[in-house]
Amino acid sequence: MKKSINIFLLFIILSFFQGLAGPVDSLGDSGDKVTKRISEKTLEGESIFQPSFYLKKAKTFENIDELQLALFYLKIADTLSPDNPEIPGKISDLKSKIDIKSSKSFEKGKKYYLQNKFEAARIQFLTVLRYKPDHKAALNYLKNNLIPKEYIFYSPKKDDSFKSISKRFYKDPGLDFLIIYFNDLKSDAEPVPGKLLKLPILAPEFNATVIDIRHEIIAAKNLLGKKRYQEVIVITDSILKNDHSNKIAIELRNDAFYQTGIQLSQQEKYFEAINTFNKITPGYKGVDKAIQEAIHKELLKAELLLKEKKYEESMALARKILSHNQSNTAAKNLINIAYCQHGRSLFIRKKYDEALKVVGKLDPADNCAEKIRSAVQKAIKNQAEAHYILGVKHFMNEELQSAIKEWEKTLELNPSHDKAKKNIKNAKSLLEKLKKVK
């Protein structure tokens, strides 16, 4: 049986390499021609019936990293020479190589995917499929994970149904199945009030319904009255895509952003409120005042942190204020005061080096910085003098080693202290004389 399969395979190979026309079962009188061609090839020193021909081809493709083609030719060689014990080993080695290379590319792909480097991930997963075309995990990433999906989120109300939500967002109640599918819900499920739903943003060709602007304006006004501001923003954005200069839609959108910002301010989410206010068209009544009030509230927080001696937190908040309003003098002053108070606090705790580092971040001409630097220098000088006097006491008590140590500490703090230098020299000389006497 195996022999007949081998013969059939060889005819297929002949068809491929020798350019035979027509299917194998219709060879007819061409048998003699085939035999003649085989004989001619054999005379040239290389026969397509010899496994060495396919082993060489396998090696060539392996060298250029076309491992699946290399495996294909090895299998042909194995079919032609089933008793050759080396070929199965080559096949096994090549399969191991394919497994290793595909695994490495797959792990790289996963790493890139987690880093949101999707194009790099795609290249790695495609490389996996070049090595192993049936790699299910790589196929899954390419088919599902790397297809961009964008959503908006919606919190259902009491009387909502999937059809009413679909009609509101897609202008077609018949697209409710999309909402059910993308939220992994059962077909008979109903929206749960307060539980967020993912609504996929459809490509224009999928949802090409021309919106009724007049109807949408009325809907947006009604939703604004019900304080459903996010839905107003969705509808007005849709209107403005079709009619970017629609004044009523712009006004409604501004109103929705303004009210959302006010809500965020009331929740003490001031920076989120500022970001929302900044989405409003310039010149909208009340928005500049609302932004200044939000900034003022954050400034009060920063001042409270300063009073609590939380200097780093206070300065971080002040810097955030400046990122929204670079000319805010109060925030700049607060940062300077925080540096000054922090430096003074470190000085009081005798952490002189740290104090100097902190005030070093202030303007060199700053009065506070100059005072702390002066105080640190005076304190260090006093410390040096205290060590000097203690050294003198040790010397008078004939405790020469202790005296030298104290004067060395004096020089660490004040390297220009001439008396300490002279006394150390004298004390060491005296020690040498005493050693000689002993």
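Quick note: numbers below take in every heavy atom, side chains included, and nothing from hydrogens, waters or symmetry partners. The structure presented is a predicted model; accordingly, all values stated were derived computationally and were not measured.
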Yes or no on side-chain contact (heavy atoms from CB on, under 4.5 Å) for Phe106 and His135, after CA distance, side-chain angles and deciding distance? CA-CA 9 Å; Phe106 183 70; His135 197 290; 3.8 Å; yes
Please test Ser345 against Arg349 for side-chain hydrogen bond (donor to acceptor under 3.5 Å, both in side chains), starting from the C-alpha separation and ending with a verdict. CA-CA 6 Å; Ser345 171; Arg349 287 180 283 162; 3.3 Å; yes
Check the pair Tyr54, Asp78 against side-chain hydrogen bond (donor to acceptor under 3.5 Å, both in side chains), reporting the backbone distance first and the verdict last. CA-CA 9 Å; Tyr54 300 100; Asp78 187 44; over 6 Å; no
CA sep, side-chain torsions, deciding dist, call: Lys227, Tyr229, side-chain contact (heavy atoms from CB on, under 4.5 Å): CA-CA 5 Å; Lys227 299 181 179 181; Tyr229 304 123; 3.2 Å; yes
Could you give me the CA-CA distance, side-chain angles and deciding distance for Asn414 and Ser416, then say whether side-chain hydrogen bond (donor to acceptor under 3.5 Å, both in side chains) is met? CA-CA 5 Å; Asn414 182 7; Ser416 62; 2.9 Å; yes
Run Phe271 and Thr276 through side-chain contact (heavy atoms from CB on, under 4.5 Å) and show every step you take. CA-CA 9 Å; Phe271 286 119; Thr276 302; over 6 Å; no
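Salt bridge annotation for Arg228-Glu231: present, with a cationic side-chain nitrogen under 4.0 angstrom from a carboxylate oxygen. Taking the charged nitrogens against the carboxylate oxygens, Asp99 and Lys132 do have a contact shorter than 4.0 Å, which makes a salt bridge. Ion pair Glu107/Lys110 flagged as a salt bridge, since at least one NZ, NE, NH1 or NH2 atom sits closer than 4.0 Å to an Asp/Glu carboxylate oxygen.
Proximity of a side-chain donor or acceptor of Asp160 to a complementary backbone N or O of Pro156 within less than 3.5 Å is not detected.
Centroid-to-centroid, the aromatic rings of Tyr154 and Phe169 come within less than 6.0 Å.
The shortest distance between side-chain heavy atoms of Arg253 and Phe257 falls below 4.5 Å. Using a 4.5 Å heavy-atom threshold, the side chains of Tyr131 and Thr127 count as touching. Annotation: side chain of Lys90 is in contact with side chain of Leu55 (closest heavy-atom distance under 4.5 Å).
More than 12 non-hydrogen atoms from other residues, nucleotides or ligands lie less than 6.0 angstrom from NZ of Lys101.
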For residues 288-314, run the donor-acceptor check on the side chains, cut-off 3.5 Å, and write out each pair with its distance to 0.1 Å, sequence neighbours left out.
residue, atom, partner, partner atom, Å
Glu308, OE1, Lys310, NZ, 3.4
Ser314, OG, Ala302, O, 2.9

